[in-house]
Number of protein chains: 2
Amino acid sequence: MNINAYDCGSVKHLSTLFKLLAEPNRLKILCSLGLECRPVSDIIESTELSQTNVSFHLRALREAGLVKPERKGAFIYYCLPDPELLRLLGDFRHWLEEHQKEKTIV
Amino acid sequence: MNINAYDCGSVKHLSTLFKLLAEPNRLKILCSLGLECRPVSDIIESTELSQTNVSFHLRALREAGLVKPERKGAFIYYCLPDPELLRLLGDFRHWLEEHQKEKTIV
DNA sequence: TACGCATATGAATATTAACGCATATGACTG
DNA sequence: CAGTCATATGCGTTAATATTCATATGCGTA
C-alpha cells in the first residue's frame with residue numbers, strides 16, 4: 001500500500017462490519033429496533049420476515065456484538081448495546097442522499 | 001415497521017452501499033486511492049490483486065459513483081469524487097475500535 | 001411433569017458474488 | 001497502419017450467503 005494511501009485501519013474488521021450491514025434484512029432489523037429493546041416476535045412482525053430468517057440474522061448480529069439479547073420470561077428482548085451505531089447509519093444515509101444528487105448510486 | 005423504529009431511510013440504497021464497502025478488496029482499493037487520483041496500474045501494484053480483479057471491482061465502484069475515472073493518455077486515473085466518504089470510513093473505524101474494547105466483533 | 005409458546009438450530013437448497021482465463025478495445029509510438 | 005501497452009469485458013467455475021422446512025430447546029403455567 002503506497003505512502004499516500006488512506007489508513008482505513010483493519011480492512012478485515014471493517015469489511016466484516018459492512019458485510020453485516022450490507023444485508024437488507026439485517027439492516028431492517030437494526031432499524032426496527034431503533035433505541036428500544038424488543039422481543040423477537042416484534043421484530044418478526046415489523047420486518048415481515050420468517051421466524052427462522054429473523055433468528056438467523058439475529059445470530060449474526062449478536063455474534064458480532066451489534067445486538068444484545070436479554071431474556072425476560074419466555075421472551076428474548078434484543079437491543080443495540082451502542083446506539084451510536086444508529087448515528088453512523090444516519091451519517092451514511094445523509095451522505096447517500098447528498099451524493100445521489102450528483103452521481104447516481106443504483 | 002413500528003412507530004419507534006429508527007428511520008434508516010432507504011434500506012435498499014443503504015445496503016447497496018454497504019455491500020460495495022463489504023468486499024475487502026474494494027475497501028483496499030478505496031483506501032489505496034485515498035485523496036489522490038491514481039492509474040489502475042498503481043492500484044494493481046499496491047493492492048497486489050490481479051488486473052482482472054481490480055478492473056472488476058473498479059467497475060462496481062464506478063457504477064455506484066464511488067470512484068470516478070479520468071483518462072490521461074493511455075492511462076485511466078481513478079479518484080474518489082467525494083472524499084467525505086473517507087471520513088465516514090474513518091468514523092466507522094473509530095467506532096469499531098471503541099466497540100471492540102467491550103464486545104468482540106469477529 | 002406435561003403442555004404450549006418463543007426462539008434457536010441443522011440440513012438442504014437457492015441465489016449471489018468473486019475470481020481467473022481468454023480476448024477485446026482504445027490510445028500512444030514508430 | 002502495425003505493434004504495444006493500459007484497461008475493460010464475456011464467460012465459466014467456484015465459493016459464500018440467504019432462505020426455508022423440519023425439528024429441537026428452554027421457559028412458564030396448569
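None of the values given here were measured: they were computed from a predicted structure. Order of the sequence lines sets the chain letters (A, B, ...), proteins ahead of strands, with each chain counted from 1.
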Problem set entry | Which residue lies more 5' along DNA chain D, comparing A/Asn25 with B/Val54 via nearest heavy atoms | B/Val54
Exercise. What is the ring orientation for A/Phe92 with A/Trp95, classed by angle as parallel under 30°, tilted 30 to 60°, or perpendicular over 60°?
Worked result: perpendicular
Problem set entry | Nearest-angstrom distance from the residue atom NZ of B/Lys72 to C1' of D/dC5 | 19 Å
For this session: With the side chain of A/Phe56 defined as its heavy atoms from C-beta on, choose the nearest nucleotide among D/dT9, D/dT19, C/dT7.
Result: D/dT19
Problem set entry | Closest nucleotide among C/dC19, C/dA6, D/dA8 to the B/Glu23 side chain | C/dC19
For this session: Would you please confirm or rule out a distance under 4.0 Å between OP1 or OP2 of D/dC21 and any side-chain N or O of A/Asn53?
Result: no
Exercise. Within the distance-only criterion (no hydrogens, no angle test), does the side chain of B/Arg62 pair as donor or acceptor with the backbone N or O of B/Ala64 below 3.5 angstrom?
Worked result: no
For this session: Determine the contact category for B/Thr52: base if any of its heavy atoms lies under 4.0 Å from a base atom, sugar-phosphate if only primed atoms, P, OP1 or OP2 are that close, otherwise nothing.
Result: base
For this session: Look at all strands and tell whether A/Tyr77 reaches a base, only sugar-phosphate, or nothing, counting heavy atoms closer than 4.0 Å.
Result: nothing
Seminar exercise, completed: The nucleotide from C/dA27, C/dT7, C/dG20 with an atom nearest the side chain of B/Arg71 is C/dA27
For this session: Send over the distance from A/Arg59 CZ to D/dT25 P, rounded to a whole Å.
Result: 14 Å
Problem set entry | Donor-acceptor pair, side chain of B/Ser55 and main chain of B/Thr52, under 3.5 angstrom | no
Exercise. What is the nucleic acid contact for B/Gln51, judged by heavy atoms within less than 4.0 Å: base, sugar-phosphate only, or nothing?
Worked result: base
Exercise. With a 4.0 Å cut-off on heavy atoms, is B/Ser41 in touch with a base, just the backbone sugar-phosphate, or nothing at all?
Worked result: sugar-phosphate
For this session: Rounded to the nearest angstrom, tell me the gap between atom CG in A/Leu58 and atom P in C/dA6.
Result: 16 Å
Exercise. Got a donor-acceptor contact below 3.5 angstrom from the B/Glu23 side chain to the B/Asn25 backbone?
Worked result: yes
Problem set entry | Sugar-phosphate, base or nothing in reach of A/Ser50, heavy atoms under 4.0 Å | sugar-phosphate
Problem set entry | Candidate nucleotides C/dT7, C/dA18, C/dA17, ranked by approach to the side chain of B/His57 - the nearest | C/dA18
Exercise. Among C/dA8, D/dA6, C/dA18, which is the nearest nucleotide to the side chain of A/Val40?
Worked result: C/dA8
For this session: Please tell me which of the listed nucleotides, D/dA18, C/dA8, D/dG28, lies nearest to the side chain of A/Ile76?
Result: C/dA8
